[in-house]
Amino acid sequence: MPSSRTGRPPVQRAVRRPAASRTARQNPVLRLYTRARKAWDRPLTAYYLILGGSLLITVLGLVMVYSASQIKALQMSLPGSYFFRKQLLAAAIGAVLLLVASRMPVKLHRALAYPILAGAVFLMALVQVPGIGMAVNGNQNWIALGGSFQIQPSEFGKLALVLWGADLLARKQDKKLLTQWKHMLVPLVPVAFMLLGLIMLGGDMGTAIILTAILFGLLWLAGAPTRLFVGVLSVAAAIGMILIKTSPNRMARLQCIGATDPGPGDACWQAVHGIYALASGGIFGSGLGASVEKWGQLPEAHTDFIFAVTGEELGLAGTLSVLALFAALGYAGIRVAGRTEDPFVRYAAGGVTTWITAQAVINIGAVLGLLPIAGVPLPLFSYGGSALLPTMFAIGLLIAFARDEPAARAALSLRQPRFGRKRGGGGPTGPRRWNTMRRRASARSSGER
């Protein structure tokens, strides 16, 4: 349209883009960073990280269990795949538990808290009954189920404390009771100390440390005051020091931190040979199945020290991959706990994340010689069905919580086949229809956040 003054059409001026936008378009590194950041902030990121990370850890763990346990099985006059088959069976049962837990509503999870706690306490007390409980490596914390199958009830005590503690704190938060210190501590701390007492009767210091970490994680999420938090931590530390001082075995483990020599009586044999296995792996390892330390030199190569065999056979690349998977799993759990408005989901997700992260740090720290050997398995990775089953159920909890986020529900509800027309419907098809649904899901998720 001509201008009223000059009679000429108006000049179309170019719209100047912001400097940051122009820089991002010109710099491929910034462009890649921008895309990665957008993908990281998508509603289903936590869901895919938890599902994919736990699946990769479990599958890689099965491979390493098969590799690390062959020599041990042959030494016991068993088939080379004996331990692998048992772990594969446990993984199959755990996958069913994971699927069930991921599909259960939050109300049902809360309803199961008290039955799981009662069952765990009963089984943990049953361990101390003569003729029922059995000792493994000096710890009286197993129940024989017949044949070659045993169960460790203390592993289910971790899941019980997470569910019951989350339900208890959520109900107290709804009633505005968490502002009083007595309601924050009672009955959470006495019940946790009861579980710890049952565990310590069997001498399992490692599992007691994990349970203590879960307790402190729940108190931290509940907003415990610093004085209260430090007080409970001081009491737990004092009890722990007394238990260590009164046990020569625990004192010997404490003295093996950073050891480079087995010492008198080979007290630090396991710690030193774990370092030998990691050091001999190099960058890419000696190859799958080519470990030397698993030929009788490294005790518990397929359980507590499977990370050392992983470093020897897959090298620094393999160990860093395992660490990255656990880091991604921990980040996703924190993200789920931080984005929810449901207090039970926040406490339960935070408790599960504390459990898995603390256990992984303690296990890997012991293998690296940075922490005392606590005798705890690497979650989802080490051999042991008693540890695998409750852990996979807990992963199912995280998946259910990640799916239940409002933005994730909106994104999942709009997932449709990418190409093709819906039978009996109109509207755009193919990529056009997919892009329209993606824009709507993005708008809805950003509005709900």
Side-chain angles (χ1 to χ4, degrees), residues 46 48-70 83-84 87-88 90-91 94-95 98 206 210 213 270-271 273-294 298-335 352-371 373-385 387-388 390-392 394-395 398-399:
Y48 287 128
L49 281 178
I50 296 169
L51 181 62
S54 59
L55 180 63
L56 287 174
I57 293 173
T58 305
V59 171
L60 183 57
L62 286 171
V63 174
M64 292 311 304
V65 165
Y66 180 65
S67 174
S69 65
Q70 290 184 20
F83 292 104
F84 168 74
Q87 185 74 354
L88 183 61
L98 185 149
I210 305 301
Q270 188 179 27
H273 279 272
I275 298 296
Y276 289 169
L278 290 171
S280 61
I283 301 296
F284 298 106
S286 58
L288 194 62
S291 169
V292 175
E293 290 293 331
K294 69 183 180 183
L298 180 63
E300 307 297 335
H302 61 302
T303 54
D304 300 344
F305 270 68
I306 194 172
F307 188 76
V309 179
T310 303
E312 185 179 5
E313 295 188 351
L314 302 182
L316 181 65
T319 55
L320 289 181
S321 300
V322 174
L323 291 175
L325 289 173
F326 276 109
L329 195 58
Y331 165 79
I334 294 173
R335 174 168 167 160
V352 171
T353 306
T354 303
W355 162 14
I356 294 177
T357 305
Q359 188 164 327
V361 168
I362 291 173
N363 177 277
I364 294 174
V367 174
L368 295 176
L370 304 176
L371 295 173
I373 299 174
V376 296
L378 189 58
L380 301 173
F381 201 84
S382 296
Y383 170 79
L388 186 62
T391 306
M392 294 194 75
I395 294 295
L398 289 180
I399 293 174

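Keep in mind that the numbers below use all heavy atoms, side chains included, and drop hydrogens, waters and symmetry copies.
- Panel note: side chain T357, backbone T354; no donor-acceptor pair is recorded below 3.5 Å.
- At least one side-chain heavy atom of P379 sits less than 4.5 Å from a side-chain heavy atom of F326.
- To the nearest 0.5 angstrom, L329 atom CG is 8.5 Å from L49 atom CG.
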Q.
I'd like to know whether V367 forms a side-chain contact (heavy atoms from CB on, under 4.5 Å) with L378, so could you lay out the CA-CA distance, the side-chain angles of the two residues, the decisive distance to 0.1 Å, and finally the verdict.
A. CA-CA 11 Å; V367 174; L378 189 58; over 6 Å; no
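- Using a 4.5 Å heavy-atom threshold, the side chains of I373 and F305 count as touching.
- Side-chain N/O atoms of S286 and E313 include no donor and acceptor closer than 3.5 Å.
- Rounded to the nearest 0.5 Å, atoms CD (E293) and CD1 (I275) are 11.0 Å apart.
- Taking every heavy atom of both residues into account, A277 and S280 meet most closely at O-OG, 3.1 Å.
- For the atom pair CG (L278) and OG1 (T310), the distance works out to 9.0 Å, reported to the nearest 0.5 Å.
- Counting only heavy atoms from C-beta outward, the side chains of L298 and V309 approach each other to under 4.5 Å.
- Contact between P390 and W355 at its shortest, heavy atoms only, is O-CH2, 3.7 Å.
- Between the CG atom of L314 and the CG atom of L288 there is a distance of 6.0 Å, given to the nearest 0.5 Å.
- The only member of Y383, F381, F307 that meets ring-ring contact (aromatic ring centres under 6.0 Å, His included) when paired with H302 is Y383.
- Atom CD1 of residue I306 and atom CG of residue N363 lie 9.5 Å apart, to the nearest 0.5 angstrom.
- Judged by distance alone, with hydrogens and angles left aside, the side-chain atoms of S382 form a donor-acceptor pair with the main-chain N or O of T303 at under 3.5 Å.
- Annotation: side chain of Y276 is not in contact with side chain of V292 (no heavy-atom distance under 4.5 Å).
- The line from CG of L380 to CG of L60 is 11.5 Å long, rounded to the nearest 0.5 Å.
- When every heavy atom of A68 is checked against every heavy atom of A301, the shortest pair comes out as CB-O, 3.7 Å.
- Checked by atom type and distance alone, the side chain of Q87 pairs as donor or acceptor with a backbone atom of G384 at under 3.5 Å.
- Side-chain atoms of S67 and K294 form a donor-acceptor pair, as typed in the model, at a separation below 3.5 Å.
- The two residues T353 and G333 make their nearest non-hydrogen contact at OG1-CA, 3.3 Å.
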